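Have a look at the structure below, then the notes.
All figures in this text were calculated on a predicted structure; none of them were measured in a lab.
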Amino acid sequence: MLEKTNVKTLENVVVRFSGDSGDGMQLAGNIFSNVSAGVGDQISTFPDYPAEIRAPQGTLSGVSGFQVHIGKGVHTPGDEADVLVAMNPAALKRHACFLKKGGVAIVDIDSFREQDLKKALYTTDNPYKEIGLDAQVVEVPISTMVKSALADSGLDMKSMLRCKNMFALGLVCWLFDRPLKPALHLLKNKFAKKPAIYEANAKVMCAGYDYGHNIHASVSTYRIEASHARPGIYTDVNGNTATAWGLIYASEKSGRPLYLGSYPITPATDILHELAKRKDLGVKACQMEDEIAGICSAIGAAFAGDLAVTTTSGPGLALKSEGLGLAVMAELPLVVIDVQRGGPSTGLPTKTEQTDLRQALYGRNGECPLVVLAAASPTDCFQMAFEAARIAIEHMTPVILLTDAFIANGSSAFRLPDDDEYPEIKPRFVPEDRREGWHPYDRDETFARYWAIPGTPGLMHRIGGLEKDSVTGAISTDPVNHEKMVHYRQAKIDYIANEIPGKDPYGDKDADTLIVGWGGTFGHIHEAVDALRAEGKKVAMAHFRYINPLPKNTGETLARYKNVIVAELNSGQFADYLQAKFPDVKISRINKVQGQPFLVQEIIDGVKKVMEG
C-alpha cells in the first residue's frame with residue numbers, strides 16, 4: 001500500500017456533502033458522523049434540507065446538504081468546510097460559498113455535462129471560474145465507476161446510480177482516515193431487509209475508498225487528532241431522538257407511563273416516529289387528527305396520571321394555545337415540545353429560527369403563566385426533555401420546551417448516562433396523611449396542588465377551565481377568589497426559580513462584555529467567545545436554558561457588565577424580554593432571521609462592533 005502524502009494534521013475538520021435531495025447526502029453524512037463519533041471524535045452536524053418535496057433533478061432549488069464538524073472542541077457544524085463533495089453543478093453552485101479558500105472540492109465530473117450546467121443556470125462552460133472557486137478540485141467520474149463496480153450485480157441503471165453517495169462516502173472515509181468496518185456495519189443495519197441493496201452499496205463504498213489510494217498524491221488528506229472523551233458508551237444522536245429518549249427516561253424515573261398525543265409537523269415529526277417505536281418501554285404514542293386533538297388527548301392523559309406530552313412546531317403551538325390555557329387552569333403536568341422553524345404561517349418549514357419565544361411566553365388569553373425551557377444542543381435535548389418532565393410532574397404545571405430545526409435535525413456524540421446521573425422524579429401524589437378532608441386545590445409552600453389520580457379512594461374531584469374556589473374546587477365567580485388564584489398560579493411558577501441553577505458566566509472573570517444567548521445558539525456563541533479571547537479580548541458568555549422563570553441571579557449577573565449583547569435568531573425577542581425584566585441594564589443585539597444558524601464569524605464581528613462603540 002502506498003503511503004499517503006500531503007497529509008494535514010488538524011484538531012478538527014469540516015466536511016460538507018451536497019447533491020440532489022434524492023442523492024442520499026443525509027445518509028452519507030449520518031454514516032460518516034457515526035463513524036467519527038465511534039473513533040472518539042466530538043461531532044456537530046447540520047442537515048440542510050430543501051423546502052421543496054421533490055424539485056426537478058439537477059436544479060438549484062433541489063440541492064440538499066449535510067455538514068459535519070469533527071475533532072476536538074467542537075460546538076458547531078463549522079462556518080466553512082475543508083472538503084466539499086458536490087454531486088452535480090447545482091450542488092457546487094449552491095454550496096461553494098461554504099468551502100474554505102484552498103479547500104478540497106470533490107465533484108462527480110460525470111454530472112457536469114452541458115445539459116447539467118444549463119439546469120444549474122451556468123452561462124459558461126467553465127463552472128469553477130464562473131463561480132470564482134478557489135479550491136483543490138478533484139474531478140472523479142463517480143457515475144462511471146459506480147456502473148463499472150456494479151456491472152455484474154444484476155441491478156438496473158437507476159438502482160446502480162442510487163449508490164453514488166456510498167462511493168463518495170468511501171472516498172471521504174479514506175480522505176479522513178476513517179475505518180470502513182463500522183461504516184459497513186451501519187450500512188448493513190440500514191438495509192437489513194434488502195441484502196442485495198446492501199451488497200451493492202458496500203461494494204461501491206469500498207470502491208470509493210480504494211479510489212482514494214489511487215489519487216493519493218494529487219489531493220491533501222487529513223489526520224484528525226483524537227479528543228479525550230469521558231469513558232462510556234457513545235452514539236451519534238440527533239436532537240429529536242435525544243428529546244424522545246429524555247422523555248422515556250423521565251417516564252422511568254417518575255414511574256409514570258409516557259403518553260404522546262401529536263399531529264405530524266415538520267421538523268418535530270421524528271419525535272413521534274421515535275416514540276411510536278417504543279412500545280417495548282410502555283410508551284403510548286397516538287397520531288391524532290389535528291394539533292388541537294393532540295394537546296387535548298395529552299391533557300386527558302395527564303388527568304389520568306400519565307407523563308403527558310405533545311409535540312409540534314410554531315404553527316401547531318398557535319393551535320394548542322387554548323388547550324394550554326386549560327392545562328394551566330386545571331394545573332396539570334403537561335410537556336409541550338416546540339421545534340421552532342421559520343415563520344410566520346407556513347413560512348420556511350425546513351429551516352431554523354428562534355421566533356416562537358414570545359408565543360411560548362405570552363401566547364394565551366388571560367393571566368396564564370407556565371414554564372418555558374430551551375435546549376442548547378442536540379444532546380442537551382435529552383437533558384432538557386428530562387428536566388421539562390421533572391418540573392411538570394413535581395410542580396403540576398405545563399412546560400414548553402423550545403428546540404429548533406438546527407439542533408433537532410443536527411447531531412452530536414451522545415454519552416449514554418449512568419443510572420445515578422439523573423435524579424428520581426417525585427410525582428406530587430396526595431400524601432396518605434392529607435387524604436382526610438382533602439381538596440383539589442390544597443397547596444404547600446411550593447404553591448403547587450397535588451395530583452389526585454382518578455380511581456384513588458377518597459380523592460374524587462373535578463377540575464376544568466372555569467375558575468375554581470381556592471380550596472374546595474367548586475366553580476367560583478367571586479372576584480377576590482379569582483385574583484387569589486391568579487396569584488397562586490404565578491407564585492407556583494416563580495417558586496421554581498429556587499430549584500434551577502444560577503448563572504455562572506463562562507470566560508474572563510474580569511470581562512466587561514457579556515454575550516448572552518439562549519437555546520440552540522450555544523455552540524456558535526461558545527466558539528465566538530473562545531476566538532475573541534484568543535485575540536486578547538476580555539469577554540464572557542451567559543447562555544440561558546431556563547427562560548421562565550429565569551435563574552434567580554440573572555439581574556445581578558447582567559448588571560456586572562458594561563456591555564450586554566444578546567445574540568439570537570430573531571429580531572430581538574429575548575433581548576426585549578430581558579430589557580423588560582431588568583430596565584437598568586443596557587442591552588445590545590446581534591440578530592439574524594434568514595432560516596439559517598449563525599456563523600461564528602457573524603457573532604465575532606457583531607461583538608467587536610459593540611466593543612468598539
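In this structure a side-chain-to-backbone donor-acceptor pair under 3.5 Å is missing from Asp23 to Gly19. For Glu353 (side chain) and Leu569 (main-chain N/O), no donor-acceptor pair under 3.5 Å exists by modelled atom type. Between the side chain of Asp108 and the main chain of Ile142, a donor-acceptor pair closer than 3.5 Å is present. A donor-acceptor contact shorter than 3.5 Å links the side chain of Lys253 to the backbone of Asp419. Side chain of Gln354 to main chain of Trp518: a donor-acceptor pair is present (N/O by atom type, distance under 3.5 Å, no hydrogens or angles). Under the 3.5 Å distance criterion, the side-chain polar atoms of Ser262 are matched with a main-chain donor or acceptor of Thr311. In this structure a side-chain-to-backbone donor-acceptor pair under 3.5 Å is present from Asn591 to Asn570. With hydrogens and angles ignored, the 3.5 Å screen pairs a side-chain donor or acceptor of Ser18 with a backbone N or O of Val85. Formation of a donor-acceptor pair under 3.5 Å by the Glu274 side chain with backbone atoms of Thr241 is not found in this model. For Gln42 (side chain) and Val74 (main-chain N/O), a donor-acceptor pair under 3.5 Å exists by modelled atom type.
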List the steps and the verdict of salt bridge (Lys or Arg N to Asp or Glu O under 4.0 Å) for Arg94 and Asp48.
CA-CA 11 Å; Arg94 278 283 191 220; Asp48 191 6; over 6 Å; no
Chi angles and distances behind the salt bridge (Lys or Arg N to Asp or Glu O under 4.0 Å) call for Lys100, Asp134
CA-CA 8 Å; Lys100 290 178 181 176; Asp134 181 3; over 6 Å; no
Test log, rule side chain to side chain donor-acceptor pair (under 3.5 Å), inputs Thr355 and Gln340:
CA-CA 7 Å; Thr355 45; Gln340 299 167 95; 5.4 Å; no
Worked verdict on Val372 versus Leu402 for side chain to side chain contact (heavy atoms under 4.5 Å, CB included):
CA-CA 7 Å; Val372 179; Leu402 298 172; 3.9 Å; yes
Evaluate Thr266 against Tyr49 for side chain to side chain contact (heavy atoms under 4.5 Å, CB included), listing each step before the verdict.
CA-CA 11 Å; Thr266 302; Tyr49 304 100; over 6 Å; no
Stepwise side chain to side chain contact (heavy atoms under 4.5 Å, CB included) test for Ser412 and Asp236
CA-CA 6 Å; Ser412 298; Asp236 173 38; 5.8 Å; no
How far apart are the C-alpha atoms of Phe46 and Phe66, what are their side-chain angles, what is the distance that settles it, and do they pass the ring-ring contact (aromatic ring centres under 6.0 Å, His included) test?
CA-CA 6 Å; Phe46 175 45; Phe66 187 102; 8.9 Å; no
Evaluate the side chain to side chain contact (heavy atoms under 4.5 Å, CB included) criterion for residues Leu275 and Ile248: first the C-alpha distance (whole Å), next the side-chain angles of each, then the deciding distance (0.1 Å), finally the verdict.
CA-CA 8 Å; Leu275 290 177; Ile248 293 169; 3.7 Å; yes
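Take Asp508 and apply the side-chain contact (heavy atoms from CB on, under 4.5 Å) test, not counting sequence neighbours, and it matches Asp510, Ala511, Arg533, Lys538. The salt bridge (Lys or Arg N to Asp or Glu O under 4.0 Å) search around Lys503 returns none, not counting sequence neighbours. Ala250 meets the side-chain contact (heavy atoms from CB on, under 4.5 Å) test with Leu307, Phe386, Ala389, Ile425; sequence neighbours excluded. With sequence neighbours excluded, the residues satisfying side-chain contact (heavy atoms from CB on, under 4.5 Å) with Pro505 are Leu514, Ala540, Thr557, Arg560, Tyr561. Legend: residues meeting side-chain contact (heavy atoms from CB on, under 4.5 Å) with Gln383, ordered by chain and number and at least two apart, are Asp380, Tyr422, Arg545.
Ring geometry, Trp174 versus His213: the interplanar angle exceeds 60°, so the pair is classed perpendicular (tilted spans 30 to 60°). Taking the six-membered ring where tryptophan is involved, the planes of Phe32 and Phe17 are perpendicular, since the angle between them exceeds 60° and thus also 30°. The aromatic rings of Phe522 and His543 sit perpendicular, their planes meeting at an angle over 60°, well past the 30° parallel limit.
Atom CD of Glu139 has more than 12 heavy atoms from other residues, nucleotides or ligands within 6.0 Å.
The side-chain contact (heavy atoms from CB on, under 4.5 Å) with Cys381 is formed by just one residue from the set Val237, Asn240, Thr243, Leu247; it is Thr243.
Contact check on Lys164 versus Asp20 returns no salt bridge, with no Lys/Arg side-chain nitrogen under 4.0 Å from an Asp/Glu carboxylate oxygen. Salt-bridge check for Asp338 with Arg341: failed, with every basic side-chain N at 4.0 Å or more from each acidic carboxylate O. Between Asp41 and Arg178 there is a salt bridge, with a side-chain nitrogen of the basic residue lying less than 4.0 Å from a carboxylate oxygen of the acidic one. Residues Glu199 and Lys203 are not paired through a salt bridge, judged by the lack of any N-O separation under 4.0 Å between the basic side chain and the carboxylate.
Under 3.5 Å, the side chains of Thr352 and Asp404 contain a donor-acceptor pair of N or O atoms. Judged purely by distance below 3.5 Å, without hydrogens or angles, the side chains of Glu568 and Thr521 never pair a donor atom with an acceptor atom. A donor and an acceptor atom, one from each side chain of Thr45 and Ser411, are located under 3.5 Å apart.
Of the inter-residue distances, the one linking Asp530 atom CG with Met541 atom CE reads 9.0 Å to the nearest 0.5 angstrom. Rounded to the nearest 0.5 angstrom, Arg16 CZ and Gln67 CD are separated by 4.5 Å. In this structure, CG in Leu133 is found 11.5 Å from NZ in Lys101, a value given to the nearest 0.5 Å. Here the CG-OG distance, from Asn12 to Ser44, works out to 11.0 Å after rounding to the nearest 0.5 Å.
Identified under the salt bridge (charged side-chain N to carboxylate O under 4.0 Å, His left out) test for residues 596-607, with sequence neighbours left out: Lys592-Glu602.
Ring-centre distance between His524 and Phe406: below the 6.0 Å cut-off.
In this structure the side chain of Ile590 reaches within 4.5 angstrom of the side chain of Val607, judged on heavy atoms.
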